[in-house]
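Below is one structure, written out as structure tokens, with a few remarks after it.
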Protein chains: 2
Amino acid sequence: MPEKKIRNMEEFAAVSGLSRPTVSKYFNDPDSVRATTRKRIEAALERHEYRPNIYAVNQNRRLTKNIGIVVPYLADPFFAEIARSIEMLVIEAGFRPILLGSHGDRGQEIDNLESLRSIKPAGVLLAPLGRISDRSAIESFCKAVPTVLFDSNMEGTGAAFIGSDNVSFVDQTVDYLCRTGTPPCFFEMKTPANPNANKRRLAYIAAMERAGLDPQVIKIDGEGWRFEEIGHKGTHDVIASGGFPSDTVLCSNDRLAIGLLAACYEHGLRVGRGDGCAMRVASHDDHPYSRFTCPSLTTAAHDYAEVSGRSVDTLFELIESGGRFDQRRETLFAARLILRDSA
Amino acid sequence: MPEKKIRNMEEFAAVSGLSRPTVSKYFNDPDSVRATTRKRIEAALERHEYRPNIYAVNQNRRLTKNIGIVVPYLADPFFAEIARSIEMLVIEAGFRPILLGSHGDRGQEIDNLESLRSIKPAGVLLAPLGRISDRSAIESFCKAVPTVLFDSNMEGTGAAFIGSDNVSFVDQTVDYLCRTGTPPCFFEMKTPANPNANKRRLAYIAAMERAGLDPQVIKIDGEGWRFEEIGHKGTHDVIASGGFPSDTVLCSNDRLAIGLLAACYEHGLRVGRGDGCAMRVASHDDHPYSRFTCPSLTTAAHDYAEVSGRSVDTLFELIESGGRFDQRRETLFAARLILRDSA
DNA sequence: CAAAATATTTTACGCGCGTAAAATTTACTG
DNA sequence: CAGTAAATTTTACGCGCGTAAAATATTTTG
């Protein structure tokens, strides 16, 4: 059936025997037209491949159906996966996700927000870089666009924050490690990229003190988002200067732990909880690769599903409330301890 | 200076004392207006924050400035990095990259192309899933949109293909391994997701036969893109059923090798080239994590920069030629051997 | 310096669609 | 079945901008 090509909504309305605005209504919400009308449109749709011009649509709509998703580092499988999960929820809700990665770079983060602003999104889900973020730029963005922060909090910025409860992460790992062996020292970057790291350190200190133990924090050098490399080099440095103060090391996050484990391996330090092991290592995040480290990594897992689900729900609620909440919301989800071979 | 808000190009043209079309010309190409005119516009731009409405612009332009980038799996740091590199080149060229990941899913890949088609991109850089791709859908897309394939070839599809020379990868690893120890067996998935895997197997067999050696291919079970898990389980299975036919294993790709190394570690098999090592392992791709495996992984590296650079250049050339080349082009770049500790 | 050639700007029109208000149809009442 | 309320469709207008053709300014030529 060599039906002639449909060029615009006008022509499509003609072949379905309706007026263009009726068809327009249908595309905005198929249930907003009478059932018989809907059938006619859908019948025509099967014969006449037509899709509304996305630019013309968005030019006139008060609010686009675009949802921006910004994560600090797309090459980190952790963020890639959570972004993926959010994307799917956004699509299910009938919106169009636009995924952008900031590549650990302050300027890129601002560029991303700038770029999002120009496409007039209905809302944005933003996992900020953290410490190095241009705070005032992000704040001004959040004032202009309904924004929900996730993963990494910036106090007072955005209409809501959804994340994991760092205290819950650390309490569980510290408790487990203390119960089953030497109390851990804490391994982290000197200048962490992300506020979660600070919360984790504080939670570690608090947990240790609560147990009447002496907290020991090891801070290693390094800038940026190449955490494995930083953890690797930092571990070499620590070992070179006398070793860890405890045979049990709790890493701030899994990517540091991956570097640490590689360095331990190179030094012939056997990691694990069995006989003949020189040390135990645990961490936080349940990074996708933490199952495949040597040994596999004992860690505290985020509740991916809850964080992404609640983030999306909150954003849609925000959008429906006209872009404002009476009060900023913060939601934290507890961690789940994953026991593997490293501790 | 509380300048009144500029709402559209008309108003902006007014405050700069020009007609709107002149301003329009400027935004399409700043050099297309007289120098004095340009100065006036840029002066006004500093006082009056204004940016053309992206939807209105793209509605009327013959060709948008959008460039689609599709990779098979964004949660794989290898693709995340190459995508990043391509993104930057696209931005430098004054275009707008739209990055999409197919999540190892045939349907998602088609959705991505569908979604790209609706934004009428000037061109698309596509790294197809490979075997499981919906070939006819991709072909029909390539006919409608100027498309350059990269990483994974599909014979005859797209105007060009840019990738790495699998023969060069395998020749180098096989040669090195044979020179320095026992000739390798080849470790791969039974039904590889990606045509590169087939090329690598054939290259391995050819290289071994050329050297008068007996090729040994080990094919493990597993579907999908969770290569580490597949390599891990596959290795356990191989070990349980008597072990590898050679003490030297060449993996089809680094992600399989990561799983293999984890499994070897669990079995207490020491990997490396030193004394007391039970086996050697090498691989292909130089995955970002291959520096941090235990032991660090000897592998053949892609020339990221060349592949991404040439892909982008080729696409722009394609766009300038009106979306067609007289003849389909294929460009392959050689690998670089990276010696680490595993072999 | 006038006229022709060229570069630049303006006029005029249309792109494809959203949406308020008006007109019409359908559903519901008694 | 007439009459009214509610749901639906149509009329009419405008969004913000690209672009060909016409008008004007600038540069070059003789």
Side-chain angles (χ1 to χ4, degrees), chain A residues 4-45 48-66 94-96 117-122, chain B residues 4-45 48-66 94-96 117-122:
Chain A
K4 75 166 194 291
K5 265 274 177 172
I6 304 293
R7 305 222 140 276
N8 55 38
M9 196 179 279
E10 191 76 56
E11 289 185 18
F12 180 74
V15 300
S16 24
L18 296 163
S19 72
R20 187 183 55 71
T22 301
V23 174
S24 169
K25 280 204 72 175
Y26 167 84
F27 279 109
N28 281 315
D29 177 7
D31 289 320
S32 68
V33 300
R34 204 171 319 193
T36 61
T37 308
R38 178 172 168 173
K39 290 265 187 273
R40 277 162 72 185
I41 293 178
E42 283 167 355
L45 221 39
H48 287 100
E49 180 173 334
Y50 162 75
R51 316 201 54 168
N53 179 307
I54 198 172
Y55 298 111
V57 168
N58 282 328
Q59 172 173 16
N60 296 314
R61 225 202 286 268
R62 304 194 176 294
L63 217 56
T64 69
K65 286 273 196 178
N66 297 327
F95 284 72
R96 204 172 176 291
R117 212 194 292 234
S118 76
I119 64 171
K120 306 183 190 308
Chain B
K4 74 169 195 290
K5 265 274 180 175
I6 304 292
R7 304 221 139 277
N8 57 36
M9 196 179 279
E10 191 77 54
E11 289 185 17
F12 179 74
V15 300
S16 27
L18 295 163
S19 71
R20 186 182 59 68
T22 300
V23 173
S24 169
K25 279 204 73 177
Y26 167 84
F27 279 110
N28 280 315
D29 177 7
D31 289 321
S32 68
V33 299
R34 204 170 318 193
T36 61
T37 309
R38 180 172 168 173
K39 291 266 186 271
R40 278 162 71 184
I41 293 178
E42 283 168 355
L45 219 40
H48 287 101
E49 178 171 337
Y50 162 76
R51 315 201 52 169
N53 180 305
I54 197 170
Y55 298 110
V57 168
N58 282 329
Q59 172 173 16
N60 296 314
R61 223 202 289 267
R62 303 194 176 293
L63 216 56
T64 69
K65 286 273 195 177
N66 296 326
F95 284 71
R96 203 171 175 291
R117 214 194 292 234
S118 76
I119 64 171
K120 307 184 191 307

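Chain letters run A, B, ... following the sequence lines, proteins first and then strands; every chain starts at 1.
- Taking 4.0 angstrom as the limit, A:Thr22 places a side-chain polar atom (N or O) nearer than this to OP1 or OP2 of D:dT10.
- In the set D:dT8, D:dT10, C:dC15, C:dC15 carries the atom at the smallest distance from any side-chain atom of B:Gln59.
- Rounded to an integer number of Å, the gap from CG of B:Asn60 to P of D:dG14 is 18 Å.
- Side-chain contact check for A:Arg20 and A:Asn8: no donor-acceptor pair (N or O, by modelled atom type) lies under 3.5 Å.
- The CZ-P distance, from B:Phe27 to D:dG16, rounds to 15 Å in whole Å.
- For A:Arg34, the side-chain atoms get nearest to D:dT8 when compared with the rest of D:dC17, C:dT19, D:dT8.
- Counting any heavy atom pair closer than 4.0 Å across all strands shown, A:Tyr50 reaches sugar-phosphate atoms only and no base atom.
- Considering only side-chain atoms of B:Asn8, the nucleotide from C:dC17, D:dT19, D:dC17 that sits closest is D:dC17.
- Taking the six-membered ring wherever Trp is involved, the centroid distance between the rings of A:Tyr50 and A:Phe27 falls below 6.0 Å.
- In this structure, A:Met9 atom CE and C:dG14 atom P are separated by 21 Å, rounded to whole Å.
- Taking atom CD1 of B:Ile54 as the reference point, atom C1' of D:dG18 lies 15 Å away to the nearest angstrom.
- Between A:Arg61 atom CZ and C:dA20 atom C1' the separation is 17 Å, expressed in whole Å.
- Across D:dT9, C:dT11, D:dC17, the shortest atom-to-atom separation from the side chain of B:Pro21 is found for C:dT11.
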